[in-house]
K.L.:
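The following block contains the structure, expressed as structure tokens.
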Amino acid sequence: MSGARTPAGKQCPICKKPQDEKFRPFCSKRCADVDLSRWLKDSYAIPADERVPDTIANDEGEE
Ligand SMILES: [Zn+2]
């Protein structure tokens with residue numbers, strides 16, 4: 001470990017590479033496309049990730 005810190009929200013949610021200002025929050029147009037495809041394909045199985053689409057209904061009061 002080099003001790004380098006990885007600030008949350010500074011990485012591409014798709015591939016975890018550093019974000020590119022032009023494609024934030026992604027690192028490239030490709031990853032932006034990947035994310036878009038996921039949104040279009042609602043049935044796409046999203047792996048465990050800190051990113052949770054707002055399309056997922058939150059059950060209030062259910063803990
Ligand atoms: Zn990426």
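Note that ligands are numbered from 1 as they come in the structure, with each ligand's atoms numbered from 1 the same way.
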K.L.:
Only one of C15, P13, P25 forms a side-chain contact (heavy atoms from CB on, under 4.5 Å) with C31, so which one is it?
P.N.:
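Result for side-chain contact (heavy atoms from CB on, under 4.5 Å) with C31: C15.
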
K.L.:
By residue and atom, what protein N/O/S atoms are less than 2.8 Å from the Zn ion (ligand 1)?
P.N.:
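Listed by chain and number: C12 SG, C15 SG, C27 SG, C31 SG.
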
K.L.:
With side chain to side chain contact (heavy atoms under 4.5 Å, CB included) as the test, would you mind laying out the steps for F26 and I14 before giving the verdict?
P.N.:
CA-CA 7 Å; F26 309 103; I14 304 299; 3.8 Å; yes

K.L.:
Measure the spacing between CD of Q19 and SG of C12 and express it to the nearest 0.5 Å.
P.N.:
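If we round to the nearest 0.5 Å, Q19:CD and C12:SG are 7.5 Å apart.
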
K.L.:
Can you measure from CD (Q11) to SG (C27) and round to the nearest 0.5 angstrom?
P.N.:
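Answer for the CD-SG pair, Q11 versus C27, is 10.5 Å.
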
K.L.:
Are V34 and R38 packed together at the side-chain level, in the sense that at least one heavy-atom pair is separated by less than 4.5 angstrom?
P.N.:
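With C-beta onward as the side chain, the pair touches.
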
K.L.:
Just to verify, what does D33 make a side chain to side chain contact (heavy atoms under 4.5 Å, CB included) with, not counting sequence neighbours?
P.N.:
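Here the qualifying residues are K29.
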
